[in-house]
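Numbers restart at 1 for each chain; the letters A, B, ... are given by sequence-line order, proteins then strands.
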Amino acid sequence: MNGYKERHHKSHKSHKSSKHSHKDKDRHSSKHSSSSSKDKHRSSSKHSSSSSKDKDKHRSSKHHSSSSKHRHSSSSHKVKEERAEVKQEPVSPIKMKMDEDDIPLSARMVKTEKKRPCYAEDDDDEDDAPLSVRVDQAKKSPSSAKKRKMDDDDFMSSPKKKKTPLAKKVKSETKPTPTTPKKGKEKDPALQEDKWEWWKDEGLAEGCKWRYLQHMGPYFAPEYEPLPDHVRFYYDGKPVKLSPEAEEVAVFYGRMIDHDYTTQEVFNDNFLKDWRKVMNSKEKELLRDLRKCNFNEINDYFKLKSEERKAMSKEGKLEIKKQNEEIVKQYGFCVIDHHRQKIGNFRIEPPGLFRGRGDHPKRGMLKKRIMPEDVIINCSKDSPIPKPPPGHKWKEVRHDNTVTWLCSWTENIQGSIKYVMLNAASKLKGEKDFNKYETARKLYKCVDKIRAQYREDWKSKEMRIRQRAVAMYFIDKLALRAGNEKDEDTADTVGCCSIRVEHIKLHEKLDDKEYVVEFDFLGKDSIRYYNRVAVEKRVFKNLQIFMENKSPGDDLFDRLNTAILNKHLQSLMEGLTAKVFRTFNASRTLQEQLKLLTDEDDNVPGKMLSYNRANRAVAILCNHQRAVPKNFSQQMENLQGKIDAKRDAVKDAKRDYKASKADYKASRSITNQKNVEKKKKALDRAQEMLHKLEVQQTDKDENKEIALGTSKLNYLDPRISVAWCKKFDVPIEKIYNKTQREKFAWAIDMAEEDYEF
DNA sequence: TAAGAAACTTAGAATTCTTACC
DNA sequence: GGTAAGAATTCTAAGTTTCTTA
């Protein structure tokens, strides 16, 4: 657990225990009538009756420490202050330039309703529905427009190549800033998806995700390889030969012993419990105390293996690479509506120990090996059904084209379903992404009205409406997540609707500000959200009312949950949900900050700095943090060392320069004059390098615990960035790497420099 | 209608690959 | 050429929303 991102096990405990305690109360009083879960109880007590206030009281618990006193590093303060700055003001509306007509064709592919599968057979008559592939292929070669059943060989070898280079006319590529392929890295077409400008096609019928889907099924984790005899496990100082089943699980743990997880009691307890389940009776009898287990040789063995891999010859490495590529070629792609598309995660998750984040009560449990018999395959009826590994069969094969997944299985830790789905650059994902940003833009058009409405609702006579209105204000102003209710057996984290009294503090006055709300809670992934925000008086007063007669463990918004909230939002704008506000505010912030920060006279690095700062403002708004990188302080020290050395060098250079000038003054020879010039140049160079290092240092420090990637990938309408690049002549490669350019190909093609979110 | 299941997006960590620097 | 730093990629947990079922 390094750095700022303490995942607060302690604070967490306080939450948890409070939860437990009131849950226990609940059990004693009301339970048994209904099924079981605390959540059930929770939500029913929350919204069902008019006496919910009383119920709240009853639900509340003796709260020892309300939330923990968190330990702040100085830089984390910095982050917070900065966040406060960025977050304070609600985004001011900017006039929209684009009107409905500017919205490209695919924008009309909006919301889809879940419908009965529309099987390929249903549309076998080629002429009616405009199947995208057909459009493409008809353009290129009428004969290939016929739906084609591909056999395995056909599928696995090379995809039907698109014939026309026309399709590749992505506007940004007309700029003279091509990404030159690296030497020795010739592109293997079998390792690429075909370019499919799906946004120029017409969409499928509502609810229909594909017409044809063919794939090879998932790639299973390699079988367990028993340890060589010389690698031993010890119990109580004596070597013990484990059964293969027990050994495999021991290896999961042994490989992790350097990790912080193995110092956690919950992790260790869960591990031991599950480990014992796979032991034979003799092992069960003997191995009872984890503290007496010695996994060191196992750990060393895998470290050594990793070293060996690193030290392998070039040829050896190449061989492995080839083998991997072969797997990707076979399993990494599917054919969907006659286009070859990359799959996102075609490998079945290997067995191991569950790495739940934060105070997850199930961390350390054994994640079981998934077998073909656990896997459901989803593909076209008329496609070759993927073959299960020899001697096995699939759990089920279905043909449901109202969903986008290729394979699914149920994992044993939480009982949730896992899916194999397409890569982010695929049509299926891209289209969804596009629609997401369109919905956010739609919100922009009516956000003023919505804001006016919720402000009005702060005065409502009805508590539920006031709560809803204040929650909306938080979601809008602070970009909080919706905050669903959670199961008991997960980490105790919250979002807007599930915030508890203990998570906020009210200050009539704090420093020089009035009506300050201090938030302190653990959000998604147990990342701490800490913020002090000056709010409007009415919000403040409402919060005081919401908190009256409640205990720290009670819900702040006891008359609200995400379903109620989203239902209301839906009534305000079609497609509006809580998370749209996050997308909307993030994209708006980027656009605003770019306008504010970009200087068109700057050089490219200068503009990039502006871009990154705008990106950073969004990351702060959305509270995207990361653990301080490993060796961060060491790296900073090294950098400081370099800077110090460079400073000395600058000093020396200055001295040399002065000396050369003195020499020249004494004797004005050509040599001396040249020497002066030379020394001047050296000085300039040294100064420039010093400056560069100093900027690097600032940058590194500022980015210490902020993650930029998440917002870039998920929240920022890529057309804003593309337009910015075009407007300010910054090559797109500067802001998006290859993968990102693939994901945002639609935006790169669509957006012109005057695009407005 | 509400709870639970299913489907899909968002998230940071871990791992691997590439580049920069000595 | 070796190493460290940084970037890219992979991995999968943890959310939100939507759909289904009782």
A:K432 NZ to B:dT9 C1', in whole Å, measures 8 Å
| query | Given A:T404 and A:Y419, is the side chain to side chain donor-acceptor pair (under 3.5 Å) satisfied, shown in steps? | reply | CA-CA 9 Å; A:T404 65; A:Y419 302 93; over 6 Å; no
Base B:dT9 paired with A:K429 side chain (donor-acceptor, <3.5 Å)
no
A:I527 atom CD1 is separated from B:dT10 atom P, nearest whole Å, by 17 Å
- [ ] Assign A:G523 to base, sugar-phosphate, or nothing according to its heavy-atom contacts below 4.0 angstrom with the strands shown.
- [x] sugar-phosphate
>> With a 4.0 Å limit, can you tell me whether A:Q414 has a side-chain N or O closer than that to the phosphate oxygens OP1/OP2 of C:dA14?
In response: yes
Contacts of A:T583 and A:Y261 projected onto DNA chain B by closest heavy atom; the upstream (5') one is A:T583
Point to revise | Ion pair A:K303/A:D258, N-O distance below 4.0 Å | key: yes
B:dT10 OP1/OP2 closer than 4.0 Å to side-chain N/O of A:K436: yes
Closest to the side chain of A:I417, out of B:dA11, B:dA7, C:dT18, is B:dA7
Using a strict cut-off of less than 4.0 Å between a Lys/Arg side-chain nitrogen and an Asp/Glu carboxylate oxygen, indicate whether A:E742 and A:K738 qualify as a salt bridge. yes
What contact category does A:A578 fall into here, base, sugar-phosphate, or nothing, at under 4.0 angstrom with non-hydrogen atoms?
sugar-phosphate
Could you check whether any side-chain heavy atom of A:V328 comes within less than 4.5 Å of a side-chain heavy atom of A:F346, counting everything from C-beta outward?
yes
Check your understanding: Are any of the side-chain nitrogens in A:R500 or A:D492 under 4.0 Å away from the carboxylate oxygens of its partner?
Key -> yes
Are the side chains of A:K418 and A:N345 in contact, using a 4.5 Å heavy-atom criterion? no
note: A:M421, atom CE; B:dT10, atom C1'; distance rounded to Å ~ 13 Å
Please determine whether a side-chain nitrogen or oxygen atom of A:T404 lies at a distance below 4.0 Å from atom OP1 or OP2 of B:dA7. no
By nearest-heavy-atom nucleotide on DNA chain B, the more 5' of A:T410 and A:A707 is A:T410
Among the nucleotides B:dG12, B:dA13, C:dT17, whichever has the atom closest to the side chain of A:A627 is B:dA13
Heavy atoms under 4.0 Å, any strand shown: does A:G344 hit a base, just sugar-phosphate, or nothing?
nothing
Next on the checklist: Does C:dA14 have OP1 or OP2 under 4.0 Å away from a side-chain N or O of A:R481?
Outcome noted: no
Describe the nucleic acid contact of A:F354 in one word from base, sugar-phosphate, nothing, applying a heavy-atom distance below 4.0 Å. sugar-phosphate
With the side chain defined as heavy atoms from C-beta on, A:P350 is closest, among C:dA14, C:dT12, B:dT9, to C:dT12
With sugar-phosphate taken as primed atoms, P, OP1 and OP2 and all else as base, the protein-contact string of nucleotides 1-8 of chain C at under 4.0 Å (heavy atoms; B, S, -) is ----SS-S
Checklist entry - Looking only at side-chain N and O atoms, does A:K367 come under 4.0 Å of OP1 or OP2 in C:dA13? => result yes
So the ring-ring contact (aromatic ring centres under 6.0 Å, His included) pairs with at least one residue in residues 624-645 of chain A (sequence neighbours excluded) are A:H624-A:Y715
| Taking only N and O in the side chain of A:N484, is any of them less than 4.0 Å away from OP1 or OP2 of C:dG15? | no
Checklist entry - Does OP1 or OP2 of C:dT16 have a side-chain N or O of A:T577 closer than 4.0 Å? => result no
Over all strands shown, is A:R309 touching base, sugar-phosphate only, or nothing at heavy-atom distances under 4.0 angstrom? nothing
When we call it a touch if two heavy atoms are under 4.0 Å apart, what does A:S416 touch: a base, just sugar-phosphate, or nothing?
nothing
For B:dA11, does OP1 or OP2 lie under 4.0 Å from any side-chain N or O of A:Y715? yes
Note to self: So, OP1 or OP2 of B:dA7: does either fall under 4.0 Å of a side-chain N or O from A:S408?
What the structure shows: no
To the nearest angstrom, the OH-C1' distance between A:Y419 and C:dT18 comes to 11 Å
Assign A:K579 to base, sugar-phosphate, or nothing according to its heavy-atom contacts below 4.0 angstrom with the strands shown.
sugar-phosphate
**Request:** Check the angle between the aromatic planes of A:H259 and A:Y261 and answer parallel, tilted or perpendicular using the 30° and 60° thresholds.
**Result:** parallel
Practice item. Considering just the side-chain nitrogens and oxygens of A:K418, establish if one lies under 4.0 Å of OP1 or OP2 belonging to C:dA13. Key: yes
Handout entry: salt_bridge(A:D555, A:R559) N-O dist < 4.0 Å
Key = no
Review point. Does B:dA11 have OP1 or OP2 sitting under 4.0 Å from an N or O in the side chain of A:H624?
Key: yes
